[in-house]
J.: 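Structure incoming, see below.
Protein chains get the first letters and strands the later ones, always in sequence-line order, with residue 1 at the start of each.
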There are 2 protein chains.
Amino acid sequence: MALGRPRAFDIDTALNRALEVFWSKGFDGASLTDLTDAMGISRPSLYAAFGNKEDLFRKALDRYKTEKMAYINEALAAPTARTLAERLLFGAAAMLTDPSHPVGCLSVKGAMTCKDDSLIAKEELDQLRQSFETSIIDRLTRAIADGDLPPDSDPVVLQRFLGTVAMGMSLQASQGATAADLMAVARMALTAWPALR
Amino acid sequence: MALGRPRAFDIDTALNRALEVFWSKGFDGASLTDLTDAMGISRPSLYAAFGNKEDLFRKALDRYKTEKMAYINEALAAPTARTLAERLLFGAAAMLTDPSHPVGCLSVKGAMTCKDDSLIAKEELDQLRQSFETSIIDRLTRAIADGDLPPDSDPVVLQRFLGTVAMGMSLQASQGATAADLMAVARMALTAWPALR
DNA sequence: CTACATTCATACCAAACGGTACAGAAATGC
DNA sequence: GCATTTCTGTACCGTTTGGTATGAATGTAG
C-alpha cells in the first residue's frame with residue numbers, strides 16, 4: 001500500500017458525484033460547497049485529489065465523454081450514413097432523457113454557464129465538439145464516395161443539421177421533454193435525410 | 001417637468017445596454033459592475049430606476065420580446081402552415097446571427113445561466129416559451145382543419161420539431177455559425193415538413 | 001517505538017457578489 | 001431665498017466565491 005495516511009473516500013465515486021453536480025448546475029453554477037457536499041469530502045481533500053475547480057471539471061468531462069457520449073462513436077461506426085443519423089439522433093434522445101443521471105448535455109450546459117471565455121475548460125469543450133463534427137463530416141464524405149449518399153449532398157450541411165437537432169434536443173430535455181417527445185422529434189428530423197433514388 | 005433633480009441618463013438607452021449585457025453574458029454571468037459599466041450609471045441610479053437585478057432582467061426581456069422576437073408573431077400570422085415554418089426558421093436564422101446585437105437567444109442563454117430555480121425571471125422565461133408553443137400548436141391544429149396540413153399530422157410533434165431546430169440554431173450561433181450556415185440548416189429542416197399530397 | 005509520508009478537518013484568506021446608507025447636488029414650487 | 005423632491009457619487013454592508021495555511025490524525029518502513 002502507499003505511504004502515508006490512506007484516502008478516506010473513493011476517488012472514483014467522488015468524481016461521479018462531481019460530474020452530476022456539474023451536469024445539473026453547469027460550471028459556474030456549481031460552487032465548491034455544492035461539489036464538496038455532493039462528494040462528501042472537504043475542500044482541501046478535493047484540491048489534493050483533483051487540483052482546482054477547472055481541473056475537476058476537465059476530469060469529469062473526460063468521464064462524461066467516454067461513458068455518456070459513447071453513442072456518438074457507435075453512430076460513427078454505423079455501416080451507412082442513414083444508420084449513422086439514426087443512431088446519433090435516437091441515441092441522443094435516449095441519453096438526454098436517461099433518468100439515471102441529470103437531463104440534457106454536460107457540454108452544452110458547461111459551455112453556456114462559464115463566464116470567462118479564456119477558460120481552458122471552454123476551449124476543451126470546443127475541441128471536443130469540433131472533433132466529433134469533423135469525424136461525422138469525414139464519415140459522410142466517405143458515404144458519398146461509397147454511393148451511400150446522393151453525390152450532390154453536402155456533408156457539412158448534413159452534419160450541422162444533425163448537430164443542431166441534437167443540441168436542440170438537449171435544451172428540450174432540460175425543459176422537461178420526455179424520451180418519447182425527443183424520439184418523435186428524431187423521427188421527424190430523419191425524414192429530412194436525403195434518400196438514395 | 002417633474003419635481004426634483006432630473007435624471008442624468010436616458011433610461012431607454014440604458015435599458016438597451018443592459019439587454020446587450022444580459023444577452024451576451026446571461027443572467028448570472030452579468031454582474032452589477034458589468035451592467036453599470038455598460039449603462040454608464042452608478043449602482044444606486046440603477047436601483048432607483050429599475051429595481052433590483054431581476055427586475056432589470058425582466059424589463060430587458062420585455063424589450064427583447066417585443067423587438068427581437070417579432071419574427072415569431074409574423075410567423076404566426078402566416079397564411080399557411082408551411083409559410084409559418086419557413087418564417088419561423090428563416091427568421092430565427094436571421095435574428096440569431098444579426099451582427100447588430102449579441103448572437104444567440106436571450107431566453108436560451110438567460111434560462112441556462114441562472115442557478116436558482118426559484119428565480120421569478122426563470123418562471124417568466126418558461127411562460128414566454130410556453131405561450132409561443134401553444135400559439136404555434138393552436139395555429140397548426142387550425143391548419144389541419146383548413147386542409148393546410150395532412151389530417152394525420154401531429155401539431156405537438158411539429159411544434160416541438162420547430163422549437164428544437166430553432167433552439168439548436170441558437171446554440172450553433174453562439175458557437176460561431178454564420179447566417180448562411182443556419183439558413184442551410186433551416187432549408188434542410190423544412191424538407192421534413194409534411195407535404196400535402 | 002520512532003521517523004516519515006500523506007490525508008483530514010478547521011479555520012481562514014482576498015476578491016467579487018448583490019444591495020444599500022448617506023450626504024451633497026440640481027431641479028421645482030412658493 | 002427657502003423648503004421640498006429627486007437624482008448622483010462615494011463608501012460601505014453582509015454573504016458567497018474560489019482557494020489555502022496549519023496542525024492533528026493515520027497509515028507504512030525501519
J.: Do N16(A) and T13(A) have side-chain atoms, one donor and one acceptor, less than 3.5 Å apart?
T.: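 There is no such pair between these side chains.
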
J.: What is the distance from CG of L46(A) to P of dA21(D), rounded to the nearest Å?
T.: 16 Å

J.: Between atom OH in Y47(B) and atom P in dT10(D), what is the gap in whole Å?
T.: 18 Å

J.: Give the nucleotide from the list dG18(D), dT8(D), dT7(C) with an atom nearest to the side chain of R7(B).
T.: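 The answer is dT8(D).
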
J.: Which atoms form the tightest heavy-atom contact between D55(A) and F50(A), and what is the distance?
T.: CB-O, 3.2 Å

J.: Between dA21(D), dT10(D), dG18(C), which one does the side chain of P44(B) approach most closely?
T.: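 The answer is dT10(D).
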
J.: Of the options dG18(C), dT8(D), dT20(D), whose atoms approach the side-chain atoms of A8(B) most closely?
T.: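 Nucleotide nearest to A8(B)'s side chain: dT8(D).
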
J.: More 5' along DNA chain C: R43(A) or R5(B), using each one's nearest nucleotide?
T.: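 Comparing both residues, the 5'-ward one is R43(A).
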
J.: Whole angstrom is fine here: how far is it from CG in L32(A) over to C1' in dA15(C)?
T.: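 Roughly 14 Å, once rounded to whole Å.
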
J.: Between dG27(D), dC17(C), dT10(C), which nucleotide gets closest to the side-chain atoms of P6(A)?
T.: dG27(D)

J.: What is the distance from CG of L56(B) to P of dC17(C), rounded to the nearest Å?
T.: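 For the pair L56(B) CG and dC17(C) P, the rounded distance is 16 Å.
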
J.: Can a side chain N or O of S45(A) be found less than 4.0 Å away from OP1 or OP2 on dT7(C)?
T.: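 It does not, given that no N or O in the side chain of S45(A) lies less than 4.0 Å from OP1 or OP2 of dT7(C).
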
J.: From the options dT10(C), dT10(D), dG19(D), select the nucleotide whose nearest atom is closest to the side chain of S42(A).
T.: dT10(C)

J.: For L32(A), does its backbone N or O pair with a side-chain atom of R43(A) as donor and acceptor, under 3.5 Å?
T.: no

J.: Determine whether the side chains of D138(A) and S135(A) contain a donor N or O and an acceptor N or O closer than 3.5 Å.
T.: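 No pair is found: no donor N or O on one side chain lies under 3.5 Å from an acceptor on the other.
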
J.: Which whole-number value in Å describes the distance from L35(A) CG to dT16(D) P?
T.: 17 Å

J.: Return the value, rounded to whole Å, for the distance between atom CZ of F50(B) and atom C1' of dG18(C).
T.: 17 Å

J.: Rounding to an integer number of Å, can you tell me how far L3(B) CG sits from dT4(D) P?
T.: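 It is 12 Å, rounded to the nearest whole Å.
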
J.: Could you state the atom-to-atom distance from CZ of F27(B) to P of dC17(C) in whole Å?
T.: 13 Å

J.: Report yes or no: do T178(B) and D181(B) form a side-chain donor-acceptor pair below 3.5 Å?
T.: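 Their side chains do contain a donor-acceptor pair, which is all the 3.5 Å distance test asks for.
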
